[in-house]
**Student:** 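I'd like to ask you about the structure that follows.
As the structure is a prediction and not an experimental result, all values here were calculated from the model.
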Amino acid sequence: MIYNLISSDLIKEVTFISVLFAFILTCAAIALGKNILPRDAGRAYAINGSKSVGKPRGAGIIFILTFTLSCVLFIKLDAEIIIYLILTLAAMLSGYLDDSSSSPWGELKKGLIDFVIALMAAFTYLHYNPNTFELAFFSKTVTLHPLIYGFLIVVLIWVSINVTNCSDGVDGLCGTLSAVTLSTAYVLFRVFDIEPYFRHAVLLMIVCILGYLWFNASPSKLLMGDAGSRAIGIFIAFVFLKLHHPLLYIPVAIMLILDGGLGLIKVSFMRFLHINLMKNIRTPIHDHMRKNKEWSDAQVVFRFAIIQIVIGLAVIYAIL
C-alpha cells in the first residue's frame with residue numbers, strides 16, 4: 001500500500017521504517033492482547049511442562065497478524081505473495097483453534113489440514129514459477145515433472161510445519177531457531193539477488209518473531225502455541241521455495257529438522273512398523289538434552305542456535 005505511494009528512491013527508508021513498525025507493533029499488540037489469549041494446560045509428558053500451566057498460549061495469532069498487516073502496508077504485493085500470506089494465516093488459524101480448543105485436535109485432523117494447505121501452496125507455486133530448482137553447491141539446474149515437483153513441495157511444507165511445531169517446547173527455542181534460519185535465508189536472497197519483495201517479507205517475519213521473543217525469553221510470559229509454530233513452519237517452506245534452492249532448507253534449518261524431525265521418525269516407526277528406533281533417545285531432542293544431559297533451558301536455546309548459526313555461515317561461505 002505505502003510502497004505504491006512513494007518514489008522508488010525512498011525504498012530503503014521505507015524498509016527501515018517497516019522494520020521498526022513491525023517490531024514495535026508486535027511488542028505493543030502482545031502486551032495489550034496477551035491477557036485475552038487461552039491459557040496453557042501443561043503437557044503431561046514434556047520436561048518442565050508444569051511450568052507452562054496458566055501462561056497465555058496462542059500468541060502466534062498476534063505476531064502473525066502484525067506480520068501480515070506490515071506486509072500489506074509496506075510490501076509491493078502481487079497475487080502470488082497474497083496467496084502465500086493467506087495460506088500462512090490459514091496455518092495460523094488452524095493452530096490457534098487447536099490452542100483454544102478444550103480438547104486437543106487429533107493428528108489426523110491436523111494432518112488433513114496441513115495436506116490441503118500444502119496442496120494449495122504447491123499449486124500456487126507451480127502456477128507462478130517454473131518446475132525447476134537449483135543445486136547451489138553444484139551450480140546445476142534440475143527440472144522435474146510438475147506432478148513430481150508438486151509432490152516434493154507438499155512434502156517440504158508438511159515437514160517444515162511439523163518439525164517447527166515440535167521444536168516449540170522450550171522457552172525461546174522455536175522462535176530463536178526460526179529467526180536464525182530466516183536470517184540466513186535473507187542473506188542468501190541477497191547473495192542470489194532474487195525476489196526483492198518476498199525478501200522484504202522475510203525481514204518483517206524475522207522482526208515480528210523477535211518481538212514475540214521479547215516476551216518468550218526464559219522464563220517466558222507467554223507461548224506462541226501451534227498458532228505461531230505452524231505459521232512460521234509454512235512460511236519457512238515458502239522462503240526456500242522462492243529462493244529456488246529448496247534443498248538448502250536441510251542445512252539452513254538443520255536444528256529444527258533434528259529437534260522435531262527425529263521425534264516424528266521415531267513415532268512413525270513405532271506406530272506403523274512397531275520398531276522402537278532410538279529407544280534410548282528422548283524426543284524432541286531438546287527434552288533429551290534437558291533430561292538426560294541436564295542442560296538448562298537457556299543452554300538448549302543458545303547451543304542449538306550456535307550450531308545453527310555456524311552451519312548457516314558455512315553455507316553462505318560455500319556459496320559465495
**Student:** Enter the distance from Ile254:CD1 to Tyr249:OH here, rounded to the nearest 0.5 Å.
**Tutor:**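 Output value for this atom pair is 9.0 Å.
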
**Student:** Which one of Lys242, Lys76, Arg190 satisfies the salt bridge (Lys or Arg N to Asp or Glu O under 4.0 Å) criterion with Glu195?
**Tutor:** Lys242

**Student:** What distance do Ile319 atom CD1 and Leu188 atom CG have between them, rounded to the nearest 0.5 Å?
**Tutor:**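 Separation between the atoms: 5.0 Å.
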
**Student:** How close do Phe63 and Gly228 get, heavy atom to heavy atom, and via which atoms?
**Tutor:**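 Looks like CZ-CA, 3.9 Å.
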
**Student:** Near Leu20 CG, under 6.0 Å, is it more than 12 heavy atoms from other residues, nucleotides or ligands?
**Tutor:**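 Yes, the 6.0 Å shell around CG holds more than 12 heavy atoms from other groups.
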
**Student:** Can you check side chain to side chain contact (heavy atoms under 4.5 Å, CB included) on Thr26 and Val207, steps first, answer last?
**Tutor:** CA-CA 9 Å; Thr26 298; Val207 297; over 6 Å; no

**Student:** To the nearest 0.5 Å, how far apart are OG1 in Thr66 and CD1 in Ile64?
**Tutor:**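 That separation rounds to 7.5 Å.
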
**Student:** Do Lys110 and Ile113 come close enough that some side-chain heavy atom pair is under 4.5 Å?
**Tutor:** no

**Student:** Can you hop from Trp295 to Ile306 via hydrophobic side chains spaced under 4.5 Å?
**Tutor:** no

**Student:** Looking only at non-hydrogen atoms, find the nearest pair between Ala231 and Met92 and report the distance.
**Tutor:**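 Shortest heavy-atom contact: CB-CB, 3.8 Å.
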
**Student:** For the side chain of Gln299 and the backbone of Ser296, is there at least one donor-acceptor N/O pair under 3.5 Å apart?
**Tutor:**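 Yes, Gln299 side chain to Ser296 backbone: donor-acceptor pair under 3.5 Å.
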
**Student:** Under 4.5 Å between side-chain heavy atoms, counting indirect links through other Ile/Leu/Val/Met/Phe/Trp/Tyr residues: same cluster for Leu147 and Leu119 or not?
**Tutor:** no

**Student:** In Å, rounded to the nearest 0.5 Å, how long is the span from CG of Asn216 to CG of Leu210?
**Tutor:**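 Asn216 atom CG to Leu210 atom CG measures 11.5 Å (nearest 0.5 Å).
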
**Student:** Is it possible for you to say whether Ile209 and Val180 belong to one hydrophobic cluster, with membership spreading through side-chain heavy-atom contacts below 4.5 Å?
**Tutor:**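 Cluster IDs for Ile209 and Val180 differ.
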
**Student:** Can you check whether Phe133 and Tyr149 have ring centres sitting under 6.0 Å from each other?
**Tutor:**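 Yes; Tyr149 has its ring centre under 6.0 Å from that of Phe133.
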
**Student:** Show the nearest heavy-atom pair for residues Leu204 and Ile75, with the distance to one decimal.
**Tutor:** CD1-CD1, 3.8 Å

**Student:** In Å, rounded to the nearest 0.5 Å, how long is the span from CG of Leu112 to OG of Ser94?
**Tutor:**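 With rounding to 0.5 Å, CG (Leu112) is 12.0 Å from OG (Ser94).
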
**Student:** Taking all heavy atoms of Ala227 and all of Ile61, pick out the closest pair and write down the distance.
**Tutor:**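 It is CB-N, 3.8 Å.
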
**Student:** Give the ring-plane orientation class for Tyr84 versus Phe198, where under 30° counts as parallel, over 60° as perpendicular and anything between as tilted.
**Tutor:**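 Ring orientation of Tyr84 relative to Phe198: perpendicular.
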
**Student:** Under 3.5 Å, side chain of Glu80 to main-chain N/O of Tyr128, donor-acceptor pair present?
**Tutor:** no

**Student:** Would a hydrophobic clustering, with Ile, Leu, Val, Met, Phe, Trp and Tyr connected at side-chain separations under 4.5 Å, put Phe302 with Val170?
**Tutor:**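 No.
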
**Student:** Does the pair Met224 and Ile232 meet the rule for a side chain to side chain contact (heavy atoms under 4.5 Å, CB included), with working shown?
**Tutor:** CA-CA 10 Å; Met224 71 165 71; Ile232 293 173; 3.9 Å; yes

**Student:** Looking at Ile17, Leu69, Val19, Thr15, which hits side-chain contact (heavy atoms from CB on, under 4.5 Å) with Phe74?
**Tutor:** Ile17

**Student:** Please examine the side chains of Leu262 and Ile281, heavy atoms only from C-beta on, and report whether any two atoms are closer than 4.5 Å.
**Tutor:** no

**Student:** Leu77 and Cys71: which non-hydrogen atoms are nearest, and at how many Å?
**Tutor:** CD2-O, 4.0 Å

**Student:** Evaluate the side chain to side chain contact (heavy atoms under 4.5 Å, CB included) criterion for residues Asp114 and Ile234: first the C-alpha distance (whole Å), next the side-chain angles of each, then the deciding distance (0.1 Å), finally the verdict.
**Tutor:** CA-CA 9 Å; Asp114 291 345; Ile234 194 172; over 6 Å; no

**Student:** Parallel, tilted or perpendicular: which describes the rings of His245 and Phe192, with under 30° parallel and over 60° perpendicular?
**Tutor:**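 Because their plane-to-plane angle is under 30°, the rings of His245 and Phe192 count as parallel.
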
**Student:** Taking Asp99 first and then Arg57, would you say they form a salt bridge - that is, a charged N and a carboxylate O separated by under 4.0 Å?
**Tutor:** yes

**Student:** Thinking salt bridges, do Asp98 and Lys109 make one under a 4.0 Å N-O criterion?
**Tutor:**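 Salt bridge absent between Asp98 and Lys109.
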
**Student:** Could you go step by step and tell me if His200 and Ser18 meet the side-chain hydrogen bond (donor to acceptor under 3.5 Å, both in side chains) rule?
**Tutor:** CA-CA 9 Å; His200 192 175; Ser18 72; 2.8 Å; yes

**Student:** Do you know which two heavy atoms are closest between Ala185 and Val239, and how far apart they sit?
**Tutor:**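 In terms of heavy atoms, the two residues are closest at CB-CG1, 3.5 Å.
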
**Student:** Are any of the side-chain heavy atoms of Leu89 and Leu65 separated by less than 4.5 Å?
**Tutor:** yes

**Student:** Is the closest side-chain heavy-atom distance between His244 and Ile194 below 4.5 Å?
**Tutor:** yes

**Student:** Side-chain contact test, heavy atoms from C-beta onward, threshold under 4.5 Å: evaluate it for Ile236 versus Phe240 and give yes or no.
**Tutor:** yes

**Student:** Establish, from distance only, whether the side-chain atoms of Ser229 and Asp168 form a donor-acceptor pair under 3.5 Å.
**Tutor:** no

**Student:** My understanding is that only one of Leu203, Leu177, Val252, Val202 makes a side-chain contact (heavy atoms from CB on, under 4.5 Å) with Leu182; could you say which?
**Tutor:**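 Testing Leu182 for a side-chain contact (heavy atoms from CB on, under 4.5 Å) against Leu203, Leu177, Val252, Val202 leaves exactly one candidate, Val202.
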
**Student:** Flag the pair Lys55 / Lys221 as yes when at least one side-chain heavy-atom distance between them is below 4.5 Å, and no otherwise.
**Tutor:** no

**Student:** Hey, does the side chain of Gln308 reach the backbone of Ser178 with a donor-acceptor pair shorter than 3.5 angstrom?
**Tutor:**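 No, Gln308 side chain to Ser178 backbone: no donor-acceptor pair under 3.5 Å.
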
**Student:** With distance as the sole test, does Asn162 use its side chain to make a donor-acceptor pair with the main-chain N or O of Trp158 at under 3.5 Å?
**Tutor:**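 Yes; at least one donor-acceptor contact below 3.5 Å.
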
**Student:** So does Ser160 get a backbone contact from the side chain of Thr164, meaning a donor-acceptor N/O pair under 3.5 Å?
**Tutor:**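 Flag set: sc Thr164 to bb Ser160 pair under 3.5 Å.
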
**Student:** Any donor-acceptor pair under 3.5 Å linking the side chain of Glu134 with the backbone of Val142?
**Tutor:** no

**Student:** How far does CG of Asp259 sit from CE of Met289, to the nearest 0.5 angstrom?
**Tutor:** 10.0 Å

**Student:** Are there more than 12 heavy atoms of other residues, nucleotides or ligands under 6.0 Å from atom CZ of Phe115?
**Tutor:** no

**Student:** Short question: side chain of Tyr125, backbone of Leu241 - any donor-acceptor pair under 3.5 Å?
**Tutor:** yes

**Student:** Indicate if Phe123 and Ile117 have the same hydrophobic cluster label, given that clusters are the connected sets of ILVMFWY residues with side-chain heavy-atom separations under 4.5 angstrom.
**Tutor:**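 Each belongs to a different hydrophobic cluster.
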
**Student:** Where do Tyr96 and Asp226 land on the side chain to side chain contact (heavy atoms under 4.5 Å, CB included) test, with the steps shown first?
**Tutor:** CA-CA 6 Å; Tyr96 182 76; Asp226 285 2; over 6 Å; no

**Student:** For Ser220 and Leu223, indicate whether the former's side chain and the latter's backbone hold a donor-acceptor pair under 3.5 Å.
**Tutor:**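 Such a contact is absent between Ser220 side chain and Leu223 backbone.
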
